[in-house]
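Every chain is numbered from 1 and lettered A, B, ... according to where its sequence line falls, protein lines coming before strand lines.
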Number of protein chains: 2
Amino acid sequence: MNLYEQQQPPRKRNVTQMMIAHGVNLTKQRRIIADVLFERNQHVTADQLFDLVKQTGCRVSKATVYNTLGLFARKGLVREIFIDASRTFYDSNNSHHHHFYNVDTGDLIDIKDRLAAHFIEQDLPEGTSMDVVDLVVRVKNIKP
Amino acid sequence: MNLYEQQQPPRKRNVTQMMIAHGVNLTKQRRIIADVLFERNQHVTADQLFDLVKQTGCRVSKATVYNTLGLFARKGLVREIFIDASRTFYDSNNSHHHHFYNVDTGDLIDIKDRLAAHFIEQDLPEGTSMDVVDLVVRVKNIKP
DNA sequence: GGTTAATATTAGAATTAGTCTAAATTTAAA
DNA sequence: TTTAAATTTAGACTAATTCTAATATTAACC
């Protein structure tokens, strides 16, 4: 069994449609941010995304990048990954998957396993429903 | 199948022995911190633990609490749980388990499931070994 | 035990990711 | 088109955590 997500072909996603579908109002800045973010599957911090946006020449404030990522996360357009207290990543691939995080290299790799979640879904605490399964498998390099 | 960790009877753990076993040098402050931390299975932030220590009347600086928790985590005495960018919990139960986190209430509950980890362990990225599996199942209250 | 080297502790300063504020602007509604 | 609601912005602010560098404690060695 292979847990790795197949490298998906670069998707030309219709971000406008995505945003509407998720109940996110369209604005100029949100389009700019979404265009950069959903250009490909990636894991970025808010700061990294801010820089990426800047590189396009469009001006969007840092506050808006933070606000927009928070909004996108709440609306299910992106997934938040909390690696540690100073490393919050946003995953532009919002499909159900998990991650390998290499504590040595900082690499963050997708896992396509769904089993854990299915398993757990059957036995949630009383009165609750599943929100999100965050599974981060921290791996380290085998030292030579 | 029941995923919940049985509430373990309050353990009177020998913290001195634990620290030696994990290669942590003994100091007055570390004993104080460990005594409070391992008094029972609990999830605490560094700040909460700092307060708990203060309540015992012993004086330990905040920096030492942070340093010591970091050290304990590196040495495997406690587990770090990153709930979000401003919420790092330390779990005094370092045995292999996962968590339910209720995004509505902030409750953090143990899960005893081991299956996910076993599964993943068989297919790690090339050249890496398992460090830690962090599985946080975020649940939300079913609204009435 | 006494001397030296290594480790640990401390208060407070510094950092930094992220949030807040309040004014200006844009978008939606009526 | 006038009004209301939502969004953006720069920069101030917050809070968790780390850093600094001086002091104190512990371990290592003779």
Q) Once you round it to whole Å, what is the distance between C1' of C/dT9 and CG of B/Leu69? A) 15 Å
Q: Consider only side-chain N and O atoms of B/Arg31 and B/Thr16, and report whether a donor and an acceptor are under 3.5 Å apart.
A: yes
Q.
Closest-nucleotide mapping onto DNA chain D: is B/Asn25 or A/Thr64 further toward the 5' terminus? I mean the 5' end.
A. A/Thr64
Q. Atom NZ of B/Lys28 and atom C1' of C/dT10: how far apart are they, to the nearest Å?
A. 12 Å
Q: Please report, rounded to the nearest Å, how far the C1' atom of C/dT9 is from the CG atom of B/Leu26.
A: 15 Å
Q. What do the steps show when you test A/Asp84 against B/Thr88 for side-chain contact (heavy atoms from CB on, under 4.5 Å), and what is the final call?
A. CA-CA 8 Å; A/Asp84 63 44; B/Thr88 300; over 6 Å; no
Q | Steps toward side-chain contact (heavy atoms from CB on, under 4.5 Å) verdict (A/Ile33, A/Leu49) | A | CA-CA 8 Å; A/Ile33 291 169; A/Leu49 186 58; 3.9 Å; yes
For nucleotides 18-20 of chain C, tabulate all protein N/O to nucleotide N/O atom pairs closer than 3.5 Å, reporting atom names and distance.
unit_1: C/dG18; atom_1: OP1; unit_2: A/Thr88; atom_2: OG1; d: 2.7
unit_1: C/dG18; atom_1: OP2; unit_2: A/Tyr66; atom_2: OH; d: 3.2

(Q) Would the distance check show the side chain of B/Gln48 and the main-chain N or O of B/Thr45 forming a donor-acceptor pair, the cut-off being under 3.5 Å? (A) yes
Would you list the atom pairs, donor with acceptor, under 3.5 Å between side chains in residues 66-73 of chain B and any protein atom, with sequence neighbours excluded?
unit_1: B/Asn67; atom_1: ND2; unit_2: B/Ala63; atom_2: O; d: 3.3
unit_1: B/Thr68; atom_1: OG1; unit_2: B/Thr64; atom_2: O; d: 2.7

Q) How long is the span from the OG atom in A/Ser92 to the CG atom in A/Leu37, to the nearest 0.5 Å? A) 5.5 Å
Q. Does a side chain donor of either A/Asn93 or A/Ser95 reach within less than 3.5 Å of an acceptor in the other side chain?
A. yes
Q) Do B/Asp91 and B/His99 have side-chain N/O donor and acceptor atoms under 3.5 Å apart? A) yes
**Q.** Interface with DNA chain C, restricted to residues 15-24 of chain B and to heavy atoms under 4.0 Å
**A.** none
Q | chain B contact limits on DNA chain D, taken 5' to 3' with a cut-off of 4.0 angstrom to heavy atoms | A | D/dA16 to D/dC19
Q. Once you round it to whole Å, what is the distance between P of C/dG12 and CZ of B/Phe50?
A. 12 Å
**Q.** Test log, rule side-chain contact (heavy atoms from CB on, under 4.5 Å), inputs B/Tyr90 and B/Glu80
**A.** CA-CA 5 Å; B/Tyr90 291 87; B/Glu80 283 173 318; 3.2 Å; yes
Q: Apply side-chain contact (heavy atoms from CB on, under 4.5 Å) to the pair B/Phe38 and B/Met18, showing each step before the final yes or no.
A: CA-CA 10 Å; B/Phe38 296 114; B/Met18 282 176 67; 3.8 Å; yes
Q: Please report the closest heavy-atom contact between A/Asn94 and A/Arg79, naming both atoms and the distance.
A: CA-CG, 4.1 Å
Q: Mind checking salt bridge (charged side-chain N to carboxylate O under 4.0 Å, His left out) for B/Lys28 and listing every partner two or more places apart, or none if nothing turns up?
A: none
Q.
Any residue in residues 52-60 of chain B with a heavy atom nearer than 4.0 angstrom to DNA chain D? Just list them by number, or reply none.
A. none
Q.
Counting the atoms with a prime plus P, OP1 and OP2 as sugar-phosphate, which does A/Thr27 contact under 4.0 Å by heavy atoms, base, sugar-phosphate, or nothing?
A. sugar-phosphate
Q. Quick one: CG on B/Leu77 to CZ on B/Arg30, what's the gap to the nearest 0.5 Å?
A. 10.5 Å
